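One structure is given here, and the rest of the page talks about it.
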Amino acid sequence: MTYGTVTKDEIAIFRSITDPERVSTGESVIELHSKDESFHKRCKPEVVIFPKSSEEISKILKVANERGIPVTPWGAGTSLEGNPLPCMGGIVMDMQEMNRILEEREGDFQVVVEPGVVYKDLNKKFSKKGLFFPPDPGASATIGGMVANNASGIQTLKYGATKDYVMRLEVVLPTGEIINVGSNAVKSSSGYDLCRLFTGSEGTLGVITQITLRLAPLPLHFTAVLVNFNSVEDATQSIYQIMCTGIVPAALEFLDTNVIEAINLYKDTNLEEKPTLFMEFHGSNEAGLKEELSLIEEISISNKCSLYEAGIGRQERDRLWEARYDTFESMKNANKGMEIIIIDTAVPLSKYPKMVDFARNEAISKGIKGYIFGHAGSGNLHMGLIKDPKDAEQAERGMEANDAIVRCAIDLGGTATGEHGVGIGKRKFMAHEHGPSLEVMKRIKTLLDPNGIMNPGKVFF
Ligand SMILES: Cc1cc2nc3c(=O)[nH]c(=O)nc-3n(C[C@H](O)[C@H](O)[C@H](O)COP(=O)(O)OP(=O)(O)OC[C@H]3O[C@@H](n4cnc5c(N)ncnc54)[C@H](O)[C@@H]3O)c2cc1C
C-alpha cells in the first residue's frame, strides 16, 4: 500500500471540520507524537488532530479514507512496542480532548467514559465510592489506549485484563460509520463478540470513541509479602507451587537480582539483592488471609527462601509497589545512553521456570545484560535487554536474543506478547504464533478497513 502526503487543501478541510487550533502541524506537536516509550525509531506524522466528538472523527475518517491518508489513534503514547507510532506518516489522532466521564452507573458497577480518560484519574474518583478499574499498567495510560492494547498489569492475576472489563464500545469505522457493540448485561450469547474484536486491535480497525467499563469493588482487607531466594530456580519453583495451591494472589511479581540492584540505585532503597517475589493478597476477612499466608510461607521455606516477610504495613507495601512500578525507570537510570528491548512473553504456568531459565541463559550466551521481572503469577515474563545504539554488532546480538526468547515462549505454548501488544516489534512472530489463522485476521482487517488507512504498518507487515 502506498500513501500520499497530506496536502494544504486537506489540512484546510480538517480545520473546517474541527476548530483550526485543534489541527496542528507545529514542530513540537509533531515531535511529541513521533515517539512512544519503546526503542523503536521515531516516525513523524504530517499533522496531529485533537478531535472532540465522534461526529468530528467520522467526518475526518471519511476524508482520510477517500484520499488514502493514514490515521493513527494516540492515547498517552506510553506503549512499549511502537503501537501508536505513525510509521506511514499521515494523521495522528490524539484523543486527549475526549476525556469526559459520561455516565456513572454505580448501581450496575459500570461507568461510561470517553477514551482520553486516564485510568489513574478514574480510579482516584471511584475509590471514594469503593470501586475501581483493576487492570493497572503502571504508566499514565488512557482508557482508550488500554482497550486498544488490551492492557493488563500487576493485579490481572486476580482481577483479569482490560478485555474482562469492556462491556460496550462506540467505534468509528474508517468509512465514517459510527457503530455500537456489546451490551450492558453481564452475560450475553448474542452473535459474534465484536467488543472483544476491537479490544486489542491497536487502532487498526477503527477509532474507539466511547467505552462502558465494568468496575470491581475495592478489597476490604489486603496483605503484602516479600520473599528472597538464593537462586532464580528456587524462586520460580515457588511461583509454580503457590499457583498450584488454588490461592489466587492479587499480585505475584518476580524480580531478579539485576532488577533489585537497579531499583536500589534509582530509589535509594536497601532491598536485599537476590531473586525476589513481591506478593499481595486480597480478601474479605483477615482470618482467611492469615490461612493463605501460612501456606505461602510453607512453600517459600520448602524452597529455601533466605527471607520471608509477611503482613507488611500499608506504608511499606506502597513503597514496595512504587519500587516495582519504577522498574523501567530504574533500568534506564542504570544504563544511561543505552536502548532497552523490553520482552513481554507469557507462557503456561508450568513452563514458567523453564522460560525464565531459557531467557537468562540466552542473554548470558549472547553477552547481553538482561533484567528479568514480570507478572509471574500470570506466566508473564518481562526482560529488559540492554543494547548500545552505537554498537551495531551488539545491537544485533540483542535482537537475536530477543527473537530466540520470544520463539521459545511460543514453542512452550505461550505468546509473543502478554500485554504490550504487537505494534511494530512483534509482527515478525505473528505467523509463528498464529499459523493459518493469521490469514483470517488479515481478512477481518481488509473487511473493516479496505483502504488500509487505520494505523498501517502495525500488527501485520
Ligand atoms: C513504565 C511502563 C510500564 C508499563 N507497564 C505495562 C503493564 O504492566 N501492562 C501493560 O499492559 N502495559 C504496560 N505498559 C505499556 C502501556 O502503558 C500500555 O500498553 C497502555 O495501555 C498504553 O496506553 P496509552 O494511553 O499510552 O496508549 P498509546 O500508547 O497512545 O496507544 C496504544 C495503542 O492504542 C491505539 N489507540 C489509542 N487510543 C485509541 C482509540 N481511542 N481508539 C483506537 N485505538 C486507540 C494506538 O493507535 C496504539 O496502537 C507500560 C508502559 C510503561 C512506559
Side-chain angles (χ1 to χ4, degrees), residues 32-33 35-40 43 45 48 51 54 57 61 70-87 90-99 113-121 133-157 161-163 166 169-174 198-211 251 253 321 324-332 340 342 344 346 373-375 378 380 382 384 417-424 426 449 454-459:
L32 267 177
H33 294 84
K35 192 89 185 87
D36 63 358
E37 293 285 343
S38 70
F39 70 91
H40 294 292
C43 316
V48 180
S54 313
I57 294 173
L61 289 190
V71 179
T72 303
W74 183 280
T78 68
S79 283
L80 292 169
E81 274 303 348
N83 322 45
L85 298 185
C87 50
I91 301 168
V92 155
M93 193 171 271
D94 185 323
M95 305 303 289
Q96 65 173 272
E97 299 268 332
M98 290 181 67
N99 62 355
V113 299
E114 289 184 321
V117 170
V118 172
Y119 84 96
K120 286 183 180 175
D121 296 340
F133 170 56
D136 179 0
S140 279
T142 62
I143 302 285
M146 288 181 69
V147 173
N149 275 358
N150 185 22
S152 52
I154 278 172
Q155 299 191 3
T156 286
L157 182 55
T162 299
K163 66 179 164 43
V166 178
L169 293 174
E170 180 188 84
V171 183
V172 186
L173 299 178
F198 287 104
T199 305
S201 62
E202 299 184 31
T204 61
L205 300 179
V207 181
I208 297 164
T209 45
Q210 231 180 73
I211 303 145
E253 297 288 307
W321 286 122
R324 166 63 186 90
Y325 279 127
D326 279 340
T327 303
F328 189 50
E329 289 307 316
S330 302
M331 286 190 298
K332 282 205 251 177
I340 307 178
I342 296 280
D344 163 43
F373 58 104
H375 316 310
S378 315
N380 198 181
H382 291 321
T417 166
E419 55 185 23
H420 296 163
V422 179
I424 297 169
K426 294 288 165 59
D449 182 20
M454 291 306 307
N455 201 1
K458 308 300 163 52
V459 183

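These figures come from a predicted structure and were not determined experimentally. Numbering of ligands and ligand atoms starts at 1, following listing order.
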Show the atoms of ligand 1 that are less than 4.0 angstrom away from any heavy atom in [X].
| X | value |
| --- | --- |
| Gly206 | 43 (C) |
| Pro115 | 41 (N) |
| Ala151 | 11 (O), 21 (O) |
| Asn455 | 47 (O), 49 (O) |

Which option, [options], owns the non-hydrogen atom nearest [atom]?
| atom | options | answer |
| --- | --- | --- |
| atom 46 (C) of ligand 1 | Pro73, Gly203, Gly144 | Pro73 |
| atom 31 (O) of ligand 1 | Ser79, Gly421, Ala139, Gly116 | Ser79 |
| atom 35 (C) of ligand 1 | Ala148, Gly153, Ser152 | Ala148 |
| atom 27 (O) of ligand 1 | Ser140, Ala161, Gly145, Gly418 | Gly145 |

Counterpart residues, side chain to side chain contact (heavy atoms under 4.5 Å, CB included), relative to Glu97 (two or more places apart): Arg22, Phe50, Lys52
If you measure from each heavy atom of [X] to ligand 1, is any distance below 4.0 Å?
| X | result |
| --- | --- |
| Gly138 | no |
| Val207 | yes |
| His375 | yes |

Polar side-chain atom of Glu202 near backbone of Gly423 as donor-acceptor pair, under 3.5 Å: yes
Report the part of [X] (side chain from C-beta onward, or backbone N, CA, C, O) that has a heavy atom under 4.0 Å from ligand 1; answer both or neither where that applies.
| X | value |
| --- | --- |
| His420 | side chain |
| Met95 | side chain |
| Thr78 | both |

Backbone or side-chain N or O of Glu419 under 3.5 Å from ligand 1 N or O: yes
Nearest non-hydrogen protein atom, atom 42 (N) of ligand 1: Ile208 N, 2.9 Å
Parallel, tilted or perpendicular: ring planes of His382 versus Phe373, cut at 30 and 60 degrees: tilted
Side-chain donor-acceptor contact under 3.5 Å, Glu170 with Ser54: yes
